Amino acid sequence: MNIQFRDRPKEAASVAAKTAVKTAIADCDIHPARATKSELYPYLAKRWHAHLETYDKRPYHGMMEGPPYPKAQPNASRRDAYPPEGGPQGSSLSFMQKQHLDPNNVVLGVLNPLATGQGIRNQDLAAAICSAVNDWQIEKWTSKDKRLKGSIVVANEDGAAAAAEIRTRAGDKNFVQVLLLSRNVEPLGQRRYWPIYQAAEEAGLPVGIHAFGFGGNPITASGWPSFYIEEMVGHAQCQQSVLASLVLEGVFERHPALNMIMIEAGFGWAPSLAWRLDKTFERLHGEVPHLKRKPSEYISDHIWWTTQPMEDPERRDHLFELIDWIGWDKLLFATDYPHWDYDDPSRVLPPGVSDANRDAFYLGNARKLYGVS
């Protein structure tokens, strides 16, 4: 989706497009793909080769995609993103450099691999694939382009194994965050996931929570939707449930140095969720005595938001009011490359943004959060 505000003059859009390359940016949501089914095999023990060949019909995806709606690779990605050497979109570093990193002046790119084995019910297999994906990120991507940084993917339903993987990678400069998905067996504030947060806090790494995943339940509280559009819009609802769980279960009270990023589910819903939580908290504080502050304060202090999919209101001032509540210092620019709803960095921000806020939006916030100069 190339965002173009309805009240934005055409000449302003033209100027932005011409000058975009001069603005160094961080892209905090890039999706690398594997070129072949067996690309992970060098990083997996031999037993898993045979296991996958014998039993697995959708290699490595696990429960990432969720229930079957009429959307799947390659339709989920840009048609112009196929590498000339073949393979799916996002599978070629050289083409990613040519099509995205270089022309858009990306000086920091955060990799969020999705087909990672997270959610596979066989916990040993999930852990093995996640570890292999982490090795693969280094070998194929981060070691070959220093602009790129990886995300530590973990077997999310096995807290002990996930924490062990985080501690194994702690201190490795190839990684800048831990990656979870929003749809799990239980809401992410539940105790089974607490070892993940402990290990991430110890390692000084933020936890990114990306839309998608599949824990066996519908994305809505009222049952299964009929259409892909409902599934897509439902990711915002899912992230609200995730964030409420994290706050109310006391994750941030227990881990005061832990930071989290809500990835690819928008941010327009953040103020209303915080207001509703605060209002209800006033009356039901006795149920959650472990919380020492209002829910909105935990959200304000511990949560960052990637911008894609960027909200697109009819009136520009509504967007600015929304961002003012969240804070310009809590937004991380993201394109979602190479997916179909990619946000073009030259067309995301309308006129009227100060230089300081623009710099923070495109690069400064990411460098500060991830500790990358």
Side-chain angles (χ1 to χ4, degrees), residues 1-2 27-44 48-49 52-53 56-104 106 109-120 125-126 128-145 147-151 153 179 181 208 210-214 228 231-232 235 263-264 306 308-309 334-344:
M1 183 191 314
N2 291 333
D27 185 350
C28 297
D29 191 24
I30 297 175
H31 295 296
R34 292 185 291 282
T36 65
K37 169 186 173 181
S38 60
E39 194 165 297
L40 280 189
Y41 279 20
Y43 315 106
L44 286 166
W48 296 120
H49 299 194
L52 291 169
E53 293 294 337
D56 196 30
K57 301 302 182 185
R58 297 179 65 204
Y60 316 130
H61 287 255
M63 297 296 182
M64 186 280 290
E65 296 292 353
Y69 290 94
K71 180 274 302 186
Q73 293 285 1
N75 298 323
S77 296
R78 292 167 46 174
R79 294 183 180 180
D80 67 343
Y82 281 104
E85 66 268 34
Q89 301 99 314
S91 64
S92 167
L93 173 59
S94 61
F95 190 65
M96 182 186 291
Q97 292 166 332
K98 180 180 179 180
Q99 185 179 49
H100 177 46
L101 301 180
D102 295 341
N104 288 319
V106 177
V110 180
L111 302 176
N112 289 320
L114 293 181
T116 62
Q118 289 180 309
I120 290 178
L125 175 60
I129 293 177
C130 286
S131 182
V133 169
N134 293 332
D135 289 336
W136 168 81
Q137 288 182 81
I138 297 173
E139 177 69 23
K140 182 171 180 177
W141 302 95
T142 62
S143 67
K144 291 181 168 59
D145 191 322
R147 294 173 292 185
L148 297 178
K149 298 294 181 182
S151 297
V153 296
L179 185 65
L181 300 176
H210 195 289
F212 297 105
F214 185 54
Y228 174 50
E231 173 87 356
M232 287 297 292
H235 289 303
I263 305 173
E264 203 176 314
T306 62
Q308 194 285 331
T335 67
D336 195 32
Y337 180 88
H339 290 168
W340 65 272
D341 49 352
Y342 165 91
D343 277 356
D344 188 328

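This structure is a prediction, so every number in the text was calculated from the model and none was measured. For reference, positions follow the sequence shown, starting with 1.
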Check against side chain to side chain donor-acceptor pair (under 3.5 Å), D29 and Q308: CA-CA 8 Å; D29 191 24; Q308 194 285 331; over 6 Å; no
Side chain to side chain contact (heavy atoms under 4.5 Å, CB included) for L40 and D135? Distances and angles first, verdict last. CA-CA 9 Å; L40 280 189; D135 289 336; over 6 Å; no
Please step through side chain to side chain donor-acceptor pair (under 3.5 Å) for the pair H31 and E264, ending with a clear verdict. CA-CA 12 Å; H31 295 296; E264 203 176 314; 3.3 Å; yes
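A ring-centre distance under 6.0 Å is found for F212 and H235.
Closest approach of A115 to V133, counting heavy atoms only: O-CG2, 4.5 Å. Closest heavy-atom contact between A211 and L181: O-CD2, 4.1 Å. Pairing each heavy atom of S94 with each of E85, the nearest pair is OG-OE2, 3.9 Å. When all heavy atoms are compared, the tightest approach of W48 to A128 is NE1-CB, 3.4 Å. A pairwise comparison of heavy atoms in G117 and A126 identifies O-CB, 3.5 Å as the closest pair. The two atoms that bring P103 and Q99 nearest to each other are CG-O, 3.3 Å, heavy atoms only.
The closest side-chain heavy-atom distance from S77 to P88 is not below 4.5 Å. For the pair S131 and Y43, the minimum side-chain heavy-atom distance is 4.5 Å or more. The side-chain heavy atoms of L148 and Q137, taken from C-beta on, include no pair separated by under 4.5 Å. Between I129 and T116, the closest side-chain pair of non-hydrogen atoms is not below 4.5 Å. Within the 4.5 Å cutoff, side-chain heavy atoms of E139 are placed close to those of K144. Between I30 and V110 there is no side-chain heavy-atom pair separated by less than 4.5 Å. Between Q118 and C130 the shortest side-chain heavy-atom distance falls below 4.5 Å.
Atom CG of residue L93 and atom CE of residue M96 lie 7.0 Å apart, to the nearest 0.5 angstrom. For the atom pair OG1 of T335 and CG of D344, the computed distance is 9.0 Å after rounding to the nearest 0.5 Å. Between the NE2 atom in H100 and the OH atom in Y342 there is a gap of 5.5 Å [rounded to 0.5 Å]. A distance of 11.0 Å separates CG in L111 from CD1 in I138, rounded to the nearest 0.5 Å. Put simply, CH2 on W136 and CH2 on W141 are 6.0 Å apart, with the number rounded to the nearest 0.5 Å. Distance check, rounded to the nearest 0.5 Å: CD of E39 to NZ of K140 gives 3.5 Å.
Between the N112 side chain and the S151 main chain, no donor and acceptor come within less than 3.5 Å of each other.
Around NZ of K98, the count of heavy atoms belonging to other residues, nucleotides or ligands within 6.0 Å does not exceed 12.
Look at D27 and R147 and you find no salt bridge, because none of the NZ, NE, NH1 or NH2 atoms lies under 4.0 Å from a carboxylate O.
Relative ring orientation between Y41 and H49 is described as parallel, the plane-to-plane angle staying below 30° on a 0-90° scale split at 30° and 60°.
Paired with H339 under the rule side chain to side chain donor-acceptor pair (under 3.5 Å), one option of D343, D341, D336 passes, and it is D336.
Y337 does not carry R78 over the face of its six-membered ring by the limits of under 6.0 Å from the centre and within 45° of the normal.
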